[in-house]
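All chains are named by letter (A, B, ...) in the order of the sequence lines, taking the proteins before the strands, and each is independently numbered beginning at 1. Keep in mind that what you see is a predicted model, and the values were worked out from it rather than measured.
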2 protein chains.
Amino acid sequence: MNDVVKRSNGALNNVGLKNTELKKAGLKATLPRLKILELMENSEGRHMSAEDIYKKLLELGEDVGLATVYRVMTQFEAVNLVSRHHFDSGLSVFELNEGSHHDHLVCEKCGKVEEFVEESIERTQHKIAKKFGFKMTDHSLYIYGICPACQEESSRT
Amino acid sequence: MNDVVKRSNGALNNVGLKNTELKKAGLKATLPRLKILELMENSEGRHMSAEDIYKKLLELGEDVGLATVYRVMTQFEAVNLVSRHHFDSGLSVFELNEGSHHDHLVCEKCGKVEEFVEESIERTQHKIAKKFGFKMTDHSLYIYGICPACQEESSRT
DNA sequence: GCTGATAATGATAATATTTCGCATTTCTAT
DNA sequence: ATAGAAATGCGAAATATTATCATTATCAGC
């Protein structure tokens with residue numbers, strides 16, 4: 001018998017695995033943290049604002065406060081479980097850190113986000129930081145545009 | 001006799017030139033807009049938040065409301081006189097659009113901003129947008145790090 | 001499995017940033 | 001100079017995020 005928990009709504013599983021995931025990161029495995037982690041892993045759109053996360057948890061009948069979502073996301077960010085992005089909307093969106101580093105392509109119409117990796121850009125960024133004598137700690141690259149679906153839509157009118 | 005206006009405090013000059021600059025952009029040449037434009041051209045640190053601009057105008061004895069600063073910056077952005085950036089702090093900073101496009105290197109300690117241009121990155125971004133079928137409208141690249149001065153400082157303690 | 005120390009949570013108040021509503025003022029074309 | 005339209009300043013409202021604090025949950029040690 002393992003850690004996997006069966007739930008009739010199918011929303012939240014693998015509680016035990018996430019439990020260890022949190023402990024390994026040095027965080028107590030509390031219910032809100034488990035639920036948030038699971039929600040993020042099970043959501044298609046992987047880029048969510050604190051408000052998004054809060055609302056989805058309410059929909060799932062989970063009793064989590066918005067302040068807790070913010071606190072938890074900040075902690076998750078500190079231990080590198082998630083990244084925080086500031087898209088042009090001005091608010092913060094969070095993304096689970098799984099797989100390797102990547103950058104983002106954001107549709108200005110519908111908000112759709114594509115991810116991409118471009119090694120040459122990564123290398124060039126390091127080179128630039130070095131040229132200015134900066135010790136590079138982080139970077140963010142967003143390309144904004146209109147996605148294929150939204151181009152379709154506007155040409156159809 | 002030309003448009004240049006002499007002022008004893010030396011802060012705000014060239015009123016007439018800016019006047020035409022605004023008209024050309026399709027904006028009425030109002031006092032707040034002229035003052036903001038001049039302030040931005042005469043400030044060393046070219047990246048300012050709305051609050052920064054507001055406070056500096058007050059210091060100069062100009063009577064401009066904070067709401068007006070926000071409105072004007074939004075209009076300036078719309079006609080491409082300024083760019084709006086969302087650095088990781090979360091708040092918006094504005095920058096005068098003069099000279100050619102460039103990206104930013106931001107010090108996480110002192111907030112110092114360096115600008116750079118890297119053609120290869122520009123080209124690659126267009127290539128990526130194209131690959132995903134996006135019509136690219138904009139992009140932002142920020143490299144975060146510790147500037148030389150701040151590295152010095154922390155090693156000296 | 002209990003239990004107590006400690007840390008985390010939820011509700012709400014507080015703060016910060018940005019926008020809105022509206023009476024008044026300023027621009028600009030005449 | 002003047003009228004009509006647009007812009008402004010002020011304060012209130014909206015939005016996003018953080019802080020406060022009484023209550024509750026977690027977990028190490030038994």
Participant: In whole angstroms, how far is the P atom of D:dT8 from the CG atom of B:Leu22?
Facilitator: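 Rounded to whole Å, this separation is 10 Å.
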Participant: Starting from the 5' end of DNA chain C, give me the residue, B:Leu31 or B:Thr74, whose nearest nucleotide shows up first.
Facilitator: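 Taking each residue's closest nucleotide, the earlier one in sequence belongs to B:Thr74.
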Participant: Are any of the side-chain nitrogens in A:Glu114 or A:Lys112 under 4.0 Å away from the carboxylate oxygens of its partner?
Facilitator: yes
Participant: How close or far is atom P of D:dG9 from atom CD of B:Glu62, stated in whole angstroms?
Facilitator: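 Going from CD in B:Glu62 over to P in D:dG9 covers 10 Å.
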Participant: Starting at the 5' end of DNA chain D, which residue's closest nucleotide do you reach first, A:His86 or B:Gln75?
Facilitator: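 By nearest-heavy-atom nucleotide position, the 5'-most residue is B:Gln75.
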Participant: Looking at the side chain of B:Tyr70, which of D:dT8, C:dT18, D:dG9 is the nearest nucleotide?
Facilitator: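 Between D:dT8, C:dT18, D:dG9, the one nearest the side chain of B:Tyr70 would be C:dT18.
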Participant: Please check the phosphate of C:dC27 (OP1 and OP2 only) for any side-chain N or O of B:Thr30 closer than 4.0 Å.
Facilitator: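 False: B:Thr30 side-chain N/O out of range (4.0 Å or more) of C:dC27 OP1/OP2.
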Participant: How is B:Arg71 classified with respect to the nucleic acid when contacts are heavy atoms under 4.0 Å: base, sugar-phosphate, or nothing?
Facilitator: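 Touches a base.
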Participant: From the set C:dT18, D:dT17, D:dA7, return the single nucleotide nearest to any side-chain atom of B:Arg33.
Facilitator: D:dA7
Participant: Does any donor atom in the side chain of A:His104 or A:Glu95 lie under 3.5 Å from an acceptor atom in the other side chain?
Facilitator: yes
Participant: Select base, sugar-phosphate, or nothing to describe what B:Leu66 touches, counting heavy atoms under 4.0 Å on all strands.
Facilitator: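 Answer is base: heavy atoms of B:Leu66 come under 4.0 Å of a base.
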Participant: Parallel, tilted or perpendicular: which describes the rings of A:Tyr142 and A:His85, with under 30° parallel and over 60° perpendicular?
Facilitator: perpendicular
Participant: Distance check needed: D:dA7 P versus B:Phe76 CZ, whole Å only.
Facilitator: 12 Å
Participant: Base, sugar-phosphate or nothing for A:Ala29? Non-hydrogen atoms, less than 4.0 Å.
Facilitator: sugar-phosphate
Participant: Are any of the side-chain nitrogens in B:Lys56 or B:Glu62 under 4.0 Å away from the carboxylate oxygens of its partner?
Facilitator: no
Participant: Could you tell me how far apart B:His85 (NE2) and C:dT18 (C1') are, to the nearest whole angstrom?
Facilitator: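 Going from B:His85 (NE2) to C:dT18 (C1'), I get 18 Å.
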Participant: Name the nucleic acid region contacted by A:Ser92, choosing base, sugar-phosphate or nothing; use a 4.0 angstrom heavy-atom cut-off, strictly under.
Facilitator: sugar-phosphate
Participant: Using only heavy-atom distances, determine whether the side chains of B:Arg71 and B:Thr68 contain a donor-acceptor pair under 3.5 Å.
Facilitator: yes
Participant: Write down the distance between CG (A:Leu91) and P (C:dT18), rounded to a whole number of angstrom.
Facilitator: 12 Å
Participant: Within this structure, what is the CG-to-C1' distance between B:Asp88 and C:dT17, rounded to whole angstrom?
Facilitator: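 So the CG-C1' distance, B:Asp88 to C:dT17, works out to 17 Å.
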Participant: Rounded to the nearest angstrom, tell me the gap between atom CE in A:Met73 and atom C1' in C:dA8.
Facilitator: 16 Å
Participant: Would you indicate which nucleotide in D:dA16, C:dT6, C:dG10 comes nearest to any side-chain atom of A:Lys28?
Facilitator: C:dT6
Participant: Counting side-chain heavy atoms from C-beta on, which of D:dG9, C:dG10, C:dT9 comes nearest to B:Pro32?
Facilitator: D:dG9
Participant: Closer to the 5' end of DNA chain C via nearest nucleotide, is it B:Ala67 or B:Lys23?
Facilitator: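 Result: B:Ala67.
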Participant: To the nearest angstrom, how far is A:Ile53 atom CD1 from D:dA16 atom C1'?
Facilitator: 14 Å
